[in-house]
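All figures in this text were calculated on a predicted structure; none of them were measured in a lab. Throughout, a chain's letter reflects where its sequence line sits, starting with A, and its residues are numbered from 1.
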2 protein chains.
Amino acid sequence: MRPNADPPRPTDAELEILTVLWSRGPSTVREVHEGIARRKPAQYTTVLKLLQIMAEKGLVQRDERQRAHVYRASRPREWTQQQLAGDLLRRAFGGSAAGLVLGALSARPASPEELAEIRRMLDEYEKGGEKC
Amino acid sequence: MRPNADPPRPTDAELEILTVLWSRGPSTVREVHEGIARRKPAQYTTVLKLLQIMAEKGLVQRDERQRAHVYRASRPREWTQQQLAGDLLRRAFGGSAAGLVLGALSARPASPEELAEIRRMLDEYEKGGEKC
DNA sequence: AGATTACTACGAAGGCGTTCGTGAGTCAAG
DNA sequence: CTTGACTCACGAACGCCTTCGTAGTAATCT
């Protein structure tokens, strides 16, 4: 409907579907359903309905050229992750990125390798983000 | 109702109320309402109803000894932040803490001071968290 | 052609979150 | 005692999320 407007924040069920689309690439309803059903039992028509609603919202785009419509996420994974992280940052952490990092680490203890990866990422981010 | 069970994840409106309670300490409905109304117009009874529901869920505890009941958050801010961060980490980032950190930094660019604070926090966390 | 399968569209139900109006009770002042 | 201010309790409304059943249409098979 509004092709250029930002899609709204995905809900829980929508995020699960987007995860499948991001990892599989453009997929039919059946393929998404198979990807979902591994973890959570769901009827085929439930996934179909979700995808239809998500298409209305602009979260996914639909290619109707084949009989089995092909859906693809309209935003890349990183973009959506950024939206969600920013949203939580604002709502629950008062904008404190340090607070969010601490919260994440406390919630799911990170291995030394992962800590090293975070540090590496901080370095890279500090170099790249010289826009002020 | 279930005093020792973990309260569920707070919703958006509930989180706003909790934020007031965390910063003000135990408060009456009127005080919470004044704290909320600064940013978002809301009727007194809306805040009252929210607090009643939150008490049922166990998100807040109510002291009825005064005529104006006094509510307090049943979990500290850090605990709830940890829940929320862990939840997002699992749902949207596949458990990758590095991904979450990158998402947060991309969403709201951090100042060099904040980056330094994050690094300091990582060091401290690495020292303190020596529990396999 | 007729039957079976695969797919989309649609409507409806149930639950939850949010908002607010109304009623009833309590307390203090006139 | 009556009035007015303040408080809690409750129900209702509305919209959104999620789930699923049913119906209709297109392709395929015998």
Listed pairs under 3.5 Å, donor-acceptor, residues 16-23 of chain B side chains, sequence neighbours left out:
{"unit_1": "B:Glu16", "atom_1": "OE2", "unit_2": "B:Lys40", "atom_2": "NZ", "d": "3.0"}
{"unit_1": "B:Thr19", "atom_1": "OG1", "unit_2": "B:Leu15", "atom_2": "O", "d": "2.8"}
{"unit_1": "B:Trp22", "atom_1": "NE1", "unit_2": "B:Arg75", "atom_2": "O", "d": "3.0"}
{"unit_1": "B:Ser23", "atom_1": "OG", "unit_2": "B:Thr19", "atom_2": "O", "d": "3.3"}
{"unit_1": "B:Ser23", "atom_1": "OG", "unit_2": "B:Val20", "atom_2": "O", "d": "3.2"}

Exercise. On DNA chain D, which is the earliest and which the latest nucleotide, 5' to 3', with an atom closer than 4.0 Å to a heavy atom of chain B?
Worked result: D:dC6 to D:dG11

Identify the pairs formed between an N or O of the protein and an N or O of nucleotides 25-30 of chain C at a distance under 3.5 Å, and give each distance.
{"unit_1": "C:dG25", "atom_1": "N2", "unit_2": "B:Arg67", "atom_2": "NH1", "d": "3.3"}

Exercise. Listed in order of residue number, which residues of residues 38-54 of chain A have a non-hydrogen atom at under 4.0 Å from DNA chain D?
Worked result: A:Gln43, A:Thr45, A:Thr46, A:Lys49, A:Leu50, A:Ile53

Exercise. What's the shortest heavy-atom distance between B:Arg72 and B:Pro26, and which atoms?
Worked result: CB-CG, 3.9 Å

For this session: Name every residue in residues 10-23 of chain B that has at least one heavy atom under 4.0 Å from any atom of DNA chain C, in order of residue number, or write none if there are no such residues.
Result: B:Thr11, B:Asp12, B:Ala13

For this session: Decide, yes or no, whether a salt bridge links B:Asp87 with B:Arg9 under the criterion of side-chain N to carboxylate O below 4.0 Å.
Result: yes

For this session: Flag yes if B:Leu115 and B:Tyr125 sit in one hydrophobic cluster, no otherwise; membership is Ile, Leu, Val, Met, Phe, Trp, Tyr, and two members link when side-chain heavy atoms are under 4.5 Å apart.
Result: yes

Taking distance alone, no hydrogens or angles, what donor-acceptor pairs closer than 3.5 Å link side-chain atoms of residues 96-107 of chain A to residues at least two apart or in another chain?
{"unit_1": "A:Ser96", "atom_1": "OG", "unit_2": "A:Gly99", "atom_2": "N", "d": "2.9"}
{"unit_1": "A:Ser106", "atom_1": "OG", "unit_2": "A:Leu102", "atom_2": "O", "d": "2.7"}

Exercise. Is the closest basic N to carboxylate O distance between B:Asp6 and B:Lys57 below 4.0 Å?
Worked result: no

Problem set entry | Minimum heavy-atom distance A:His33-A:Gln43, with the two atoms named | NE2-C, 3.8 Å

Exercise. At under 4.0 Å, does any side-chain N or O of A:Arg62 touch on OP1 or OP2 of C:dA9?
Worked result: yes

Exercise. So, for A:Glu114 and A:Ala110, which heavy atoms are closest and what is the spacing to 0.1 Å?
Worked result: OE1-CB, 3.8 Å

Exercise. Between A:Pro7 and A:Gly58, what is the shortest heavy-atom contact and its length?
Worked result: CB-O, 3.7 Å

Exercise. What do the steps show when you test A:Arg24 against A:Glu34 for salt bridge (Lys or Arg N to Asp or Glu O under 4.0 Å), and what is the final call?
Worked result: CA-CA 11 Å; A:Arg24 284 195 89 273; A:Glu34 284 167 2; over 6 Å; no

For this session: State plainly whether the residues A:Arg120 and A:Glu113 are in salt-bridge range, i.e. N to O under 4.0 Å.
Result: no

Problem set entry | Over all atoms of both residues, closest heavy-atom pair of A:Arg65 and A:Asp63 | NH2-OD2, 2.7 Å

